[in-house]
Amino acid sequence: MKYVTTVIIGAGQAGLAMSKHLIDRSIDHVLLERGEVANSWRKERWDSLRLLTPNWQSRLPGYAYRGSDPDGYMDMPEVIRFLQGYADHIDAPVETGTNVTSVRQADDGYVVATDCGTWRCQSLVLANGACNVATVPGIAEGLPPKIRSLTPKQYRNADQLEAGGVMVVGASATGVQLAKEIQDSGRQVTLSVGEHVRAPRLYRGRDIKWWMDVTGVMDMHYTEVDDIKRARRVPSLQLVGSPDRATLDLNALRESGVEIVGRLAGIRNGQAQFSGSLGNQCALADLKMNRLLDAIDAWVSANGMDSDFEPAHRFEPTRIDAAPSLAMDLIDGRVNTVIWATGYRPDYSWLEVPVLDRKGRLRHDGGVVDAPGMYVMGLPFLRRRKSSFIDGVGDDARDLADHLCAYLGGHTRIAA
Ligand SMILES: Cc1cc2nc3c(=O)[nH]c(=O)nc-3n(C[C@H](O)[C@H](O)[C@H](O)COP(=O)(O)OP(=O)(O)OC[C@H]3O[C@@H](n4cnc5c(N)ncnc54)[C@H](O)[C@@H]3O)c2cc1C
């Protein structure tokens with residue numbers, strides 16, 4: 001058994017940002033990482049993925065992007081180098097190749113079992129990621145057996161798919177990016193669209209992420225939100241980080257030839273059935289996008305900066321077919337593959353502490369888990385709207401490290 005004051009599970013951006021704050025506060029700790037630093041970016045993303053956040057927004061405590069292309073978007077090798085560089089820079093005490101297999105409460109702390117031995121600690125930070133598992137709705141069980149079903153974690157590139165049609169379910173960042181790539185590979189894509197968040201890549205000459213940053217949208221605190229449960233479930237923006245800084249909304253996908261249909265409501269007798277709510281979903285997404293643009297325009301005017309940017313304008317509403325398909329045959333051979341871009345969730349199957357609610361979600365208040373000395377990081381809107389982003393974990397790590405320090409101050413440290 002090894003002893004340490006704090007165990008951090010996971011060496012992605014969240015674990016590393018917390019490590020930096022613990023180093024600054026002289027709290028001895030270890031990061032237990034089942035793979036290598038930045039493992040999720042190394043192993044769980046598709047080949048062509050680039051960050052949808054611009055390079056200048058890759059900021060971690062005491063470290064930031066310093067390359068020659070601040071407005072570009074990192075590809076995966078660059079993200080891995082960036083995070084590994086950070087781990088080296090702060091000299092993070094990472095134990096790689098160490099899979100945490102169980103965590104249980106012990107007197108005044110936790111026992112963390114791994115495939116490389118057991119650790120005893122007083123406080124624990126769960127930085128194991130918000131996207132460990134790709135969620136697939138129960139209706140997937142109705143798929144005819146000859147249809148190949150893939151999650152974004154299994155998808156690497158279009159070459160891995162047979163010829164023939166592909167249905168992508170879900171139109172948030174992952175769904176629109178995969179739909180475009182697969183359509184461009186020569187396969188006919190049908191994109192099933194439910195609730196989504198439309199956003200232009202550029203507005204008034206600046207990246208939408210720049211606007212959301214300067215206007216304070218990303219800094220919004222979880223205590224300021226009326227319905228935080230709902231805010232934590234809001235889908236990701238329809239964005240892609242491409243060298244041409246193109247917008248990837250449903251209009252752009254239609255122009256590429258993607259067929260847009262409504263939310264997948266069921267699969268019965270080999271037929272996919274789509275909801276008739278596509279028009280409403282698109283109108284709502286347009287309305288919300290325009291509200292964001294209104295807020296940006298108001299901020300520009302309030303700061304007397306109208307002449308500093310291109311004039312305000314609005315984008316064409318989302319175009320949909322007059323009568324979008326409400327059903328699609330899944331046995332006539334036109335569709336061979338379904339990709340479930342229907343979201344992600346964390347995996348806490350190894351957590352033997354009673355801190356999960358009925359839906360398997362962690363009970364926490366802004367990252368302070370409902371168990372003594374236990375913290376979580378990296379979940380959507382954990383403390384701020386930016387919490388799950390590279391640019392957001394730093395502020396959360398600072399707040400939670402302060403809380404952890406105060407907690408330890410009131411507790412005797414474990415003797416080694
Ligand atoms: C497809 C996709 C695109 C994204 N694009 C962007 C973007 O453009 N910009 C941006 O800012 N954010 C983006 N994000 C969101 C977010 O930045 C990433 O999800 C990021 O990986 C989260 O960092 P993290 O440290 O919280 O978790 P992770 O990077 O997932 O790190 C968690 C670590 O914990 C380890 N781990 C998990 N379980 C165990 C265990 N039991 N034992 C030991 N180790 C374990 C994992 O191996 C992993 O290394 C994207 C997310 C996804 C899914």
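Counting starts at 1 for both ligands and their atoms, following the listed order. Note that these values count all heavy atoms, side chains included, but never hydrogens, waters or copies made by symmetry. For the single chain, residues carry numbers from 1 onward in sequence order.
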Do me a favour and list the nearest non-hydrogen protein atom to [atom] with residue, atom name and distance?
atom	value
atom 44 (N) of ligand 1	Arg34 N, 3.0 Å
atom 26 (O) of ligand 1	Ala14 CB, 3.6 Å
atom 49 (O) of ligand 1	Glu33 OE1, 2.6 Å
atom 17 (O) of ligand 1	Gln13 NE2, 2.9 Å
atom 9 (N) of ligand 1	Thr53 OG1, 2.7 Å
atom 27 (O) of ligand 1	Gly129 CA, 3.3 Å
atom 11 (O) of ligand 1	Ile390 N, 2.8 Å
atom 41 (N) of ligand 1	Val100 O, 3.2 Å

- Item | Options Tyr73, Trp41, Phe389, ranked by nearest heavy atom to atom 5 (N) of ligand 1, top entry |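 Shortest heavy-atom distance from atom 5 (N) of ligand 1: Trp41.
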- Task: Return the option from Arg45, Glu44, Met18, Arg50 holding the heavy atom at the smallest distance from atom 51 (C) of ligand 1.
- Result: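 Heavy atom nearest to atom 51 (C) of ligand 1 belongs to Arg45.
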Show me which atoms of ligand 1 lie under 4.0 Å from any heavy atom of [X].
X	result
Trp46	1 (C)
Asn128	32 (C), 34 (O), 37 (C), 38 (N)
Trp350	41 (N)
Ala127	32 (C), 33 (C), 34 (O)
Gly10	33 (C), 34 (O), 35 (C)
Asn39	47 (O), 49 (O)

- Hey, is CD on Glu141 packed in by over 12 heavy atoms from elsewhere, all under 6.0 Å? no
- Task: Might you confirm whether atom CG of Asp107 has over 12 heavy atoms from other residues, nucleotides or ligands at distances under 6.0 Å?
- Result: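 Counting neighbours around CG of Asp107, 12 or fewer heavy atoms of other residues, nucleotides or ligands fall under 6.0 Å, so no.
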- Consider every N or O of Ser40 and every N or O of ligand 1, then say whether any pair is closer than 3.5 Å.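 Min N/O separation from ligand 1 is below 3.5 Å for Ser40.
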- Message: Would Ser388 count as a polar contact of ligand 1, with the cut-off being nitrogen or oxygen pairs under 3.5 Å?
- Response: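 So ligand 1 has an N or O lying under 3.5 Å from an N or O of Ser388.
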Per-pair distances, 0.1 Å, donor-acceptor, side chain in residues 46-53, under 3.5 Å, sequence neighbours excluded:
residue: Asp47; atom: OD2; partner: Asn157; partner atom: ND2; Å: 2.6
residue: Ser48; atom: OG; partner: Glu181; partner atom: OE1; Å: 2.4
residue: Arg50; atom: NH1; partner: Tyr73; partner atom: O; Å: 2.7

- Quick one: does Asn99 get a heavy atom under 4.0 Å from ligand 1?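 Right, Asn99 reaches ligand 1.
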- Could you tell me whether ligand 1 has any atom less than 4.0 Å away from a heavy atom of Thr98?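 Checking ligand 1 against Thr98, which is what was asked, there is a heavy-atom contact under 4.0 Å.
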- Any side-chain heavy-atom pair from Phe274 and Leu264 closer than 4.5 angstrom?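 Contact flag for Phe274/Leu264 side chains = yes.
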- Heavy-atom distance under 4.5 Å between the side chains of Arg187 and Asn336, does that happen here?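 Answer no - side chains too far apart.
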- Task: Answer side chain, backbone, both or neither: which part of Tyr348 comes under 4.0 Å from ligand 1, heavy atoms only.
- Result: neither
- Examine the proximity of ligand 1 to Leu32 and report which part, side chain or backbone, both or neither, has a heavy atom under 4.0 Å away.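 Near ligand 1, Leu32 shows its backbone, while the atoms from C-beta on stay back.
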Donor-acceptor side-chain pairing of [X] and [Y] below 3.5 angstrom:
X	Y	value
Asp249	Thr247	no
Thr342	Thr135	no
Tyr222	Ser387	no
Tyr203	Asp297	yes

- Message: Please check this pair: side chain of Thr6 against backbone of His29, looking for a donor-acceptor N/O pair closer than 3.5 Å.
- Response: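 No, because the side chain of Thr6 does not come within donor-acceptor range (under 3.5 Å) of the backbone of His29.
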- Message: Would the distance check show the side chain of Glu36 and the main-chain N or O of Gln84 forming a donor-acceptor pair, the cut-off being under 3.5 Å?
- Response: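 Checking the backbone N and O of Gln84 against the side chain of Glu36, no donor-acceptor pair under 3.5 Å is found.
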- Compute the ring centroids of Trp41 and Phe82, then answer whether they are less than 6.0 Å apart.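 Between Phe82 and Trp41, which both carry aromatic rings, the centre distance is not below 6.0 Å.
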- Task: Would you kindly check if the NZ (Lys) or CZ (Arg) of Lys20 is within the cone defined by 45 degrees around the ring axis of Tyr63 and under 6.0 Å from the six-membered ring centre?
- Result: no
